[in-house]
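A short write-up of the structure that comes next.
Here the structure is a predicted model, which is why all the values come from computation and not from measurement. Per chain, numbering begins at 1; letters A, B, ... match sequence-line order.
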2 protein chains.
Amino acid sequence: MEQLERIASLIGDASRMKMLWSLLDGRAYTATELSIVADASRQSTSMHLSKLVDAGLLKVNSQGRHKYYSFARQEIAYAIEAMSVLMPPPTQVSPVKPQPIKYCRTCYDHMAGSIGVKLLDRLVERHYLILEDDTPAITETGKKFFHDLGIDTMELLSLKRPFARACLDWSERRFHLAGSLGNVLLKKLLEEDWVRRVANSRALVITAKGKQCFLEVLGLAV
Amino acid sequence: MEQLERIASLIGDASRMKMLWSLLDGRAYTATELSIVADASRQSTSMHLSKLVDAGLLKVNSQGRHKYYSFARQEIAYAIEAMSVLMPPPTQVSPVKPQPIKYCRTCYDHMAGSIGVKLLDRLVERHYLILEDDTPAITETGKKFFHDLGIDTMELLSLKRPFARACLDWSERRFHLAGSLGNVLLKKLLEEDWVRRVANSRALVITAKGKQCFLEVLGLAV
DNA sequence: GGGACGATTCAATCTATCATGAACTGTCCG
DNA sequence: CGGACAGTTCATGATAGATTGAATCGTCCC
């Protein structure tokens with residue numbers, strides 16, 4: 001009960017509500033970006049965000065000098081959505097802002113962009129990987145899956161390099177698969193010609209074969 | 001957006017949250033009762049309640065010198081529930097307080113108690129009646145339904161007495177059917193021996209026949 | 001009528017909390 | 001290294017909003 005009051009009062013602030021509202025799209029935003037959408041100073045935004053993190057509503061990921069904030073759990077989004085239906089005049093959903101999508105590209109040595117994000121989402125959805133505190137761990141069925149793709153996960157686990165990491169994507173603002181698993185997966189997909197590198201660019205193109213394989217193997221329409 | 005902030009800030013107050021939390025059981029409470037659960041003075045409670053009513057979160061029904069407050073719409077309860085799952089330690093649902101149920105009894109000349117409440121609920125659920133601003137209106141299928149029970153609703157509609165009213169029940173704190181329709185319905189059920197009066201009391205007992213009929217005719221297990 | 005009681009209103013406080021400005025930490029990059 | 005930038009911390013105001021006491025209104029019931 002006391003907890004509920006605390007959470008309620010946290011949500012019951014105009015600035016914080018604006019931030020939470022922005023985060024509803026499921027992406028991660030930096031503190032400065034949130035200060036802009038909330039129309040508040042950087043200092044007070046920092047204060048608000050730390051309160052939200054303390055209460056377990058948001059989580060934060062450091063990426064260089066940036067800090068990316070996102071919902072700590074799905075339930076937060078549900079609660080905000082439930083509240084939004086209380087608004088008397090449902091003045092239509094705010095127009096979707098067209099956003100330049102970085103569809104498919106590499107991030108250092110692994111796949112990023114919306115494909116990278118969808119890929120990780122799907123791997124988790126199918127329980128090939130399990131996210132533990134944003135660090136992906138492989139399951140038994142996952143080992144089998146990667147083995148069928150021709151990837152020996154046992155070997156990767158013995159490397160010094162982290163086996164798998166969830167890397168925050170600067171364009172999608174969501175996680176994609178990094179670490180040695182992400183690296184090997186990219187190499188495999190290039191090798192199998194699911195995707196090809198574009199000259200002098202980090203962009204990738206998906207081949208016709210890749211399109212079909214993503215659908216067949218992972219149920220991903222790309 | 002602005003509306004959402006307003007609603008959020010309304011919910012984000014300890015006193016108001018306590019009141020809303022109490023109202024989650026779907027019953028109506030008086031201002032004084034809510035001031036007790038919220039541990040606030042009568043004056044400030046009154047202020048809080050008027051704010052909640054103005055915002056369309058609560059509705060109020062006057063009953064003599066009492067004012068009964070309850071959720072204006074179901075969505076309010078959903079939102080509160082959605083928030084409640086955000087509490088970090090799900091310290092079990094608060095123990096259900098045993099409440100003395102006034103199961104089945106009359107209220108002046110119609111049925112009240114939990115049966116009366118369930119009855120109205122079911123009639124509305126089956127679209128025999130439609131609640132418009134807490135005043136029940138009869139539908140075409142409703143006319144047929146009551147006709148099959150041997151009740152001529154056309155005749156009732158021509159009387160001076162209000163055809164149907166939603167009467168707030170002091171024990172259930174929810175609405176039951178009053179007005180001439182409620183009156184005739186009780187008379188019919190007594191006549192048909194679904195229920196019987198208890199001597200020197202407003203209590204009613206449901207007969208074996210009544211039990212079966214409530215189930216068959218209205219799908220009500222009593 | 002008259003007292004008891006539920007509920008509200010109003011003006012006068014009081015207080016929790018948000019915003020602000022200045023200073024500081026840590027990262028990036030030429 | 002040194003400047004630019006992201007983010008935070010701290011002490012100091014500023015203020016919205018809650019609380020309180022006194023007064024008022026309406027209903028109930030003897």
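Atom NZ in B/K67 sits roughly 13 Å away from atom P in D/dC28 (whole-Å rounding). Rounded to a whole Å, the CD atom of A/E5 is 14 Å from the C1' atom of D/dA18. Rounded to an integer number of Å, the gap from B/K18 NZ to D/dA18 P is 14 Å. Spacing between atom CG of A/L49 and atom P of D/dT9 amounts to 11 Å, rounded to whole angstrom units. If you take CE of A/M47 and C1' of C/dT20, they are 11 Å apart, rounded to a whole angstrom. Between the CG atom of B/L34 and the C1' atom of C/dT8 there is a distance of 15 Å, given to the nearest Å. Distance OH (B/Y68) to P (C/dG6): 11 Å, rounded to an integer number of Å. Atom OH of B/Y29 is separated from atom C1' of C/dA7 by 19 Å (rounded to the nearest Å).
Residues B/A31 and B/T45 approach most closely at O-CG2, 3.6 Å, considering heavy atoms. Of all non-hydrogen atoms in A/L10 and A/R16, the two that sit nearest each other are O-NE, 2.6 Å.
Between B/L119 and B/L177, every side-chain heavy-atom pair lies at or beyond the 4.5 Å cut-off.
B/S50 comes within 4.0 angstrom of nothing in the nucleic acid, heavy atoms only. Using a 4.0 Å heavy-atom cutoff across all strands shown, A/S15 reaches sugar-phosphate atoms only and no base atom.
With rounding to the nearest 0.5 Å, the separation of CG in A/L52 from CE in A/M19 is 7.5 Å. A/R42 CZ to A/L34 CG: the interatomic distance, rounded to the nearest 0.5 Å, is 13.0 Å.
When each of A/R65 and A/Q43 is assigned the nucleotide of DNA chain C bearing its nearest heavy atom, the one mapping closer to the 5' terminus is A/Q43. Nearest-nucleotide mapping onto DNA chain C: of A/G64 and A/T45, the residue sitting toward the 5' end is A/T45.
For B/S41, taking side-chain heavy atoms from C-beta onward, the closest of the listed nucleotides D/dT20, C/dT8, D/dA6 is D/dT20. For A/T30, counting side-chain heavy atoms from C-beta on, the closest listed nucleotide (C/dA7, C/dA19, D/dG7) is D/dG7.
The shortest distance between the side-chain N/O atoms of A/R42 and the OP1/OP2 oxygens of C/dT20 is not below 4.0 Å. OP1 or OP2 of C/dA19 sits under 4.0 Å from a side-chain N or O of A/H48. One finds a side-chain N or O of A/K51 lying less than 4.0 angstrom from the OP1 or OP2 phosphate oxygen of C/dC18. Between B/Y69 and C/dT8 there is a side-chain polar atom (N or O) within less than 4.0 angstrom of OP1 or OP2.
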